[in-house]
Amino acid sequence: MPLLAVNNLHTFFKTREGEVRAVDGVSFTIDRGTMLGIVGESGCGKSVTMLSIMGLIELPGRVVDGSAVFQGRDLLKLKGATLEDIRGHEIGMIFQDPMTSLNPTLTIGTQITETLRRHLGMSKQQARKRAIELLQEVHIPNASSRLDDYPHRYSGGMRQRVMIAIAISCNPKLLIADEPTTALDVTVQAGVLDLLHELRSEHEMAVIIITHDMGVVAETANDILVMYAGQVVEHASAYDLFDRPEHPYTEALLEALPQVEGEGIRDGRLRSIPGRPPDLIDPPKGCRFAPRCAYAGLDDCAVVQPELREIRPGHWVRSRHPASERVAQPVGVG
Amino acid sequence: MPTTTGEPLLVVKNLKKYFPIRKGILIDRTVDHVKAVDDVSFEVRAGETLGLVGESGSGKTTSGYCVLQLLKPTSGSVLFNGQELTKMRKAGLRQVRRDLQVVFQDPYASLNPRMTVGDIVSEPLLVHDIGDRRSRRRSAEQLLEVVGFNPDFINRYPHEFSGGQRQRIGIARALALNPSLIVCDEPVSALDVSIQAQILNLLKDLQAEFGLAYLFIAHDLAVVRTMSDRIAVMNRGKIVEEGPAEEVYSNPQDPYSQALLAAVPIPDPRRMRERRAERRKHQDVLAESI
C-alpha cells in the first residue's frame, strides 16, 4: 500500500472573471522512503496540489473533488485538531522562502523546541537537548551555541536547514518540500539537496520535492511527475523520463534547457516553446498542450482531452502523440 | 560568431566600489566598508559577449552598474569607445548612452506602468531629440517587430503583458538608439524555462544581426554558458577566473569556480552519484557558503 495516494484532486479558485481550474484531476501515489519530484512551470498547479493535500487552501480557493489517503485516512476529510496533529507530526513541510518562514522575534531554539513540545510532549530540557541534536543533524556548525541566536544571524542556507530540522523533528513519514532551494545560491542549494537525500535514507522518510528546475529533480527524485496547466502530463521513473521522454511538452522543456556541458553551445539555439500556457478559467477543450504542440494534428487533439495512460510499465503519459508512437515528423504548430 | 578583432569596445581597469558602513546616532561616522567590487578588470570587444557569473553578493550587478555609471565607482577606470566614463559629466554621459544601453532583470519593475508600449520604446529617441513624433512612432513599430512583439499592441500598457513579452519591450527600448554594447543584468531570471529560451534566442539573433556586444550578467551558469564567448567568474567582489567559455567550464582552475560548477544540478539522473561525489571534493569551499 502506498504511503500517500492522491486521487482525482480538483482545486478551483473563484475570481471575478470566473473559476480558475488550478488543479484539475491530479492523481499519483508515493511509497515509503522514496522521493517524488513534481516539476512544472509557474501556474501549472504543482504548489496548489500540495497545499490542497495539507488542507492549506484558503478562500477563494477550494478543493472541489478528490481524495488524499495517507496511511488509511483521507486528509481532505480531516478537520481542525486532527489535521494539525498530522501536519508537522507525520507530515513535515518546508517552503520556498527561508527568510519569512521563521519568526524573527523568537530564537532558533524556541522555534524548534515549540514543535517538539507541541507534538511530542517533551519537557523543556529534553526539547533543548533534542534541538541541538537536530541542528547537528542538518550540519549547523557549533549547534549548541547557535541555538540561542535569532534568525537574522543565520544565512539563507542555514535558515532553510533550520526549517528542515523543524520539519523532521517529529520523525515524519513524509516530507513535502515546495521549491526548497529556489531562493538559494547554487552552492548553497547543492548542500541542501544533498542533506535532503541523506535524511531520506537515514530516516526512511518519503520526500515530495516541488520545483521548476529539471536539474533539481534529476539529482534528487526516484519518480517524476510533470505538470502542465493543472494536470499531470507525464509520470515515470527519473531514469525513464530523462532517457525517453514521451510527452511533447516534456521533450520541449528538456530541449529548452541551456546546457552547462558540451560543445558548440554558444553557436546553437535553444528550442523554445511558442506561445504560453493556457488560461485556466477557460482551458482548451481538447489537449491542453495542443495550441503549443508541434505534433497536434487535425485529428482529435483540439477536441477530445487525452487520458493519462500507461505507455509502458510505470510510464504514464497524457498525449495522443507520445514520442514512441510517432511515425510522422512534426506537422507544424496547429 | 565572435568577432574578436580590433580594439576592445569596453576596457574596465582596477574598478572598485566600496559602500561605507556607518554608525552613530548624532555623529555619523564611517566604521568600515563593504567591498562590493574590489579591483576588477575586464574587456569586451565589439560583437562579442562577456559573461559575468557569480552568486548573490559577488559584485556582478554592482560592476555592471559602475560600467553604466548608474553607480559612481570608488576608483578605477571605465573606458568605452576610448572615452573615460568615470570623469564625465551628465551631458557627456548622455551622449555615451546612445551606444551603451541596458536591459534590466525585472520586466515588471523596469517599465513605467503609466506609459504605453510605444512611448516606452520611443522614449530614448525623444530624449536624444531624434526625428519627429511620426518618425519616432514608426521607429517604435519597427523595433517592436524586430523583437517579436506585435506592433498592433503599441497603444497598450505594460501590465497587460506577460513577463516574456515585457522583456521584449525592454529589449526594444534598449535597441532604439542602435547601441554597440548592451549590459544585460539577469535578463531572464524572472522567466520560466520555455519563455527564457525565447528571450535568449532573441538576444542571440539580435547580436548576429546588429553586431551587438553584450556584458551578460547572470547567476545561472547554464544561461551564461549558452550566451558567452568569454566568461568571468566573480566571488566576493573579485574576478577569480576569466577565459574562453569552453575552457572555464570544462577545465576550471580556481577552487571557487570548480566548486560552483560542481554545484550546478545536471538534468541527468544517471549522474546523480558522480555529481555528489564531485561535490564532496570541493567541500571546503562549499562549507563557507552553507
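Here is how names work: the chains are called A, B, and so on, in the same order as the sequence lines, proteins then strands, and each is numbered from 1.
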NZ of B:Lys238: more than 12 outside heavy atoms within 6.0 angstrom?
yes
Honestly, the part of B:Ile266 sitting under 4.5 Å from a heavy atom of chain A is both
Mind ranking B:Val223, B:Asn201, B:Leu221, B:Val264 by heavy-atom pairs under 4.5 Å with chain A and telling me who comes out on top?
B:Asn201
Okay, B:Ile199 and chain A: the region with an atom under 4.5 Å from a heavy atom over there is neither
Between B:Arg273 and chain A, which part of the residue has a heavy atom less than 4.5 Å away: side chain, backbone, both or neither?
neither
Measuring only between side-chain heavy atoms, which start at C-beta, is B:Arg271 closer than 4.5 Å to A:Glu261?
yes
Would you say A:Gln259 and B:Arg225 make side-chain contact, with heavy atoms under 4.5 Å?
no
With a 4.0 Å cut-off, would you call B:Asp205 and A:Arg269 a salt bridge?
yes
Please flag which part of B:Gln198 lies under 4.5 Å from any non-hydrogen atom of chain A: side chain, backbone, both or neither.
both
Closest approach of A:Ser272 and B:Ser194, non-hydrogen atoms and distance?
CB-O, 4.1 Å
Rounding to 0.5 Å, atoms OH (B:Tyr256) and OG1 (A:Thr187) come to a distance of 5.5 Å
Hey, what do you get for CZ (B:Arg279) to CG (A:Asp194), rounding to the nearest 0.5 Å?
4.0 Å
Donor-acceptor pair, side chain of A:Asp185 and main chain of B:Glu55, under 3.5 angstrom
no
B:Arg270 to A:Tyr239 six-membered ring, cation-pi geometry met (6.0 Å, 45°):
yes
Indicate the atoms forming the closest heavy-atom contact of A:Arg276 with B:Ser162, along with that distance.
NH1-CB, 3.6 Å
So which part of B:Asp268 gets closer than 4.5 Å to some heavy atom of chain A, the side chain, the backbone, both or neither?
backbone
With only heavy atoms counted, which part of A:Glu255 is less than 4.5 Å from chain B, the side chain, the backbone, both or neither?
neither
For a 4.5 angstrom cut-off between non-hydrogen side-chain atoms, does B:Met272 reach A:His197?
yes
Do you know the tightest heavy-atom contact between A:Glu41 and B:Val193?
OE2-N, 3.4 Å
Among the options B:Pro267, B:Ala197, B:Pro269, pick out the one with the most heavy-atom pairs lying under 4.5 Å from chain A.
B:Pro269
Heavy-atom proximity to chain A below 4.5 Å, by part of B:Arg275:
side chain
Chain A: which of B:Thr49, B:Val224, B:Asp192, B:Thr226 shares the most heavy-atom pairs with it under 4.5 Å?
B:Asp192
From A:Val186, A:Thr181, A:Val217, residue fulfilling side chain to side chain contact (heavy atoms under 4.5 Å, CB included) relative to B:Pro265:
A:Val186
Over 12 non-hydrogen atoms of neighbours within 6.0 angstrom of CZ in A:Arg312
yes
Do B:Lys204 side-chain atoms and A:Gly268 backbone N/O form a donor-acceptor pair below 3.5 Å?
yes
So which part of B:Ser250 gets closer than 4.5 Å to some heavy atom of chain A, the side chain, the backbone, both or neither?
neither
Tell me whether A:Glu263 at atom CD has more than 12 heavy atoms from other residues, nucleotides or ligands lying less than 6.0 Å away.
no
So what's closer than 4.5 Å to chain B heavy atoms on A:Asp243: side chain, backbone, both or neither?
side chain
Heavy-atom cut-off 4.5 Å, strictly under: side chain, backbone, both or neither for A:Glu219 against chain B?
both
